[in-house]
Structure formats: C-alpha cells, structure tokens
Amino acid sequence: MKYIIEHMEEGFSEWVILEYTQIIKEVGKENLVLTSLPAETTEKDIPKRLLDLGLQWTTKECVNIDGGLDKNRVCLLDPAATEELATTDAEKFDYFVFGGILGSHPRIDRTGLLREKYGFAGRRLGALQMTTDTAIRTTQRIIEDQVKFEDIKFLDYPEIRYNKYESTEMPFRYIVDENGEPILPVGMLDLIKHDAEQSIDDLLL
Ligand code: SAM
C-alpha cells in the first residue's frame, strides 16, 4: 500500500514537518511519497529532519510516479466524497492520495483542486475535517488493519490546555490512544502551546 501526499503548502512550516515526520514513522519511508513539489525544488529546500528519515519526494505529479499510475487503482481521500472508505477498498486500490494541506476553519475545499485535476475515485473518512496525519492514520487502520471506520475511536475538537487559565480548541477530529488522549505528532502539543503563548504576547504588546 502506498501513501501519496500532494504537497500543496508553500515550503515546510514546523507544523508540516512534525506531521510528515509522524507519517513517515507510522507508514514507513518506503510507503510514502511527497509529490508535486515546485519544479525548481532541490534537496536543499527539503528540511534535513525529513531527509534524514528517508523522505521520498518528487516534483512530478502523483499520476507520474512509479512509471505512471493506473488511475483506476488510485483513491483520493476527499472530505467532500459521497462514498466512505471501507475495508473492502483494500482490494480496489494500491495508492491513497492526500492533500498536503493545513486545515482551516471553516473548511476551505482545497482538496477539490486534486479532485478536479486527476479524477480519481474519492472516499470520505466521515464528515469532520482531520489533519493530514490523522487522515493517513485512519486510512491505515481501515485498509491495512481492516478495522471499520465506525469501530475506530475518535475525539472531536479536543481542547488543548496550555496553562491554568487558557486553552485552545483544535477544530479537527483525532484518533484517540489507549488513554483516550488524541494522537498528535510528537512535538505538536509544544508547538501549539508555543504558538498560543506567542499570540497572547503579541496581543499584550
Ligand atoms: N480544508 C481542507 C480541504 O481542502 O479539504 C482540509 C484538508 S485536510 C487538513 C488534509 C487532507 O486530509 C485532505 O486533503 C484529505 O486528503 C484528508 N482528509 C482530512 N479529513 C478528511 C475526511 N474527513 N475525509 C477524507 N479525507 C480527509
């Protein structure tokens, strides 16, 4: 099973680096490809932390990797698809494509660009927006572990408390771990807290 992220953000923010790091660790470097990087991209534009983990990347569009993909075997994970991803889709598809897009609230349909460009079959992972790493984690559970979507435990819009008085609500759906805590990339909690404190400091200036 191969996971493809069509990189649609400009450059690599810390948030994106943490998400991609987690994804490489969970699906394995040989099963992940980052596609559609800008034509002028060279290795020095890719964060060293991701290169060190063996990230595979290309300026090619996803349809052109591995000698050209058979479009019938490719699935786009699409929040606006009408069909839900099912365990039986493991037989239908070899490649799963995700938008390398930071979430926005309310949701802006940037995955629509991929839908229109490639015309792959689309599948939804429920009605709520997930981060890219959560969407890949959920797909992996359904396709590789054969767990039905309705049997996966999620937490919607968790509140992240970053000090005694303040917290922030994450506008996404997350899978929970065995302790009922949302699974976030390593380092993400600290980043969220840091960003929140930073914006409070800016307000106080
Ligand atoms: N506002 C964004 C959009 O353009 O739809 C949401 C992007 S989401 C943060 C990043 C990627 O995760 C999407 O492009 C999609 O591949 C996948 N994804 C997230 N939530 C999903 C859902 N509920 N169903 C299917 N795919 C989802």
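Index from 1, following the sequence. Numbering of ligands and ligand atoms starts at 1, following listing order.
Atom NZ of Lys2 and atom CG of Asn31 lie 7.0 Å apart (nearest 0.5 Å).
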| said: Working note: Ile136 + Val27, criterion side-chain contact (heavy atoms from CB on, under 4.5 Å); need CA distance, chi angles, decisive distance, verdict. | reply: CA-CA 9 Å; Ile136 294 189; Val27 305; 3.7 Å; yes
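For atom 16 (O) of ligand 1, the nearest non-hydrogen atom of the protein is Leu77 O, 2.7 Å. Counting only heavy atoms of the protein, atom 18 (N) of ligand 1 lies nearest to Ala135 CB, 3.7 Å. Ile108 O, 2.7 Å is the protein heavy atom nearest to atom 1 (N) of ligand 1. With respect to atom 19 (C) of ligand 1, the closest heavy atom belonging to the protein is Met130 O, 3.2 Å. Of the protein's non-hydrogen atoms, Gly99 O, 3.3 Å is the one closest to atom 11 (C) of ligand 1.
Every atom of ligand 1 is numbered from 1 in the order shown, and the set under 4.0 Å from a heavy atom of Phe98 is 16 (O). Close approach of ligand 1 to Gly126 (heavy-atom distance below 4.0 Å) involves ligand atoms 23 (N). For ligand 1, the atoms closer than 4.0 angstrom to any heavy atom of Asp109 are 4 (O). Heavy-atom proximity to Arg124, at under 4.0 Å, picks out these atoms of ligand 1: 24 (N), 25 (C).
Contact annotation: for Leu85 versus ligand 1, there are no heavy atoms closer than 4.0 Å. Contacts of Pro79 with ligand 1, taken as heavy-atom pairs under 4.0 Å, involve both backbone and side chain.
Where the criterion is an N or O separation shorter than 3.5 Å, residue side chain and backbone included, Leu128 meets it with respect to ligand 1. Checked by distance only, ligand 1 and Val97 stay at 3.5 Å or farther apart across all their nitrogen or oxygen atoms. The N/O atoms of Thr111, backbone and side chain alike, include one that comes under 3.5 Å of an N/O atom in ligand 1. Taking distance alone, with nitrogen or oxygen atoms compared against 3.5 Å, Arg110 approaches ligand 1 more closely than that limit. For ligand 1, one of its N or O atoms has an N or O atom of Leu125 under 3.5 Å away. Looking at Gln129 next to ligand 1, an N or O pair under 3.5 Å apart turns up.
Around the CD atom of Glu10, the shell of radius 6.0 Å holds no more than 12 heavy atoms that belong to other residues, nucleotides or ligands.
Under a 4.0 Å N-O distance rule, the pair Glu61/Lys117 qualifies as a salt bridge. Salt bridge status for Arg141 with Asp151: absent, with no side-chain N to carboxylate O gap under 4.0 Å. Remark: Arg137 engages Glu26 in a salt bridge, criterion side-chain N to carboxylate O under 4.0 Å. Note on Glu14 versus Arg49: salt bridge recorded, some NZ/NE/NH1/NH2 to OD/OE distance being below 4.0 Å. Comment: Asp89 engages Arg123 in a salt bridge, judged by a side-chain N to carboxylate O separation of less than 4.0 angstrom.
Taking every heavy atom of both residues into account, Phe149 and Arg173 meet most closely at CZ-NH1, 3.7 Å. Residues Pro158 and Phe172 share a closest heavy-atom pair of CD-O, 3.6 Å.
At least one side-chain heavy atom of Ile143 sits less than 4.5 Å from a side-chain heavy atom of Leu85.
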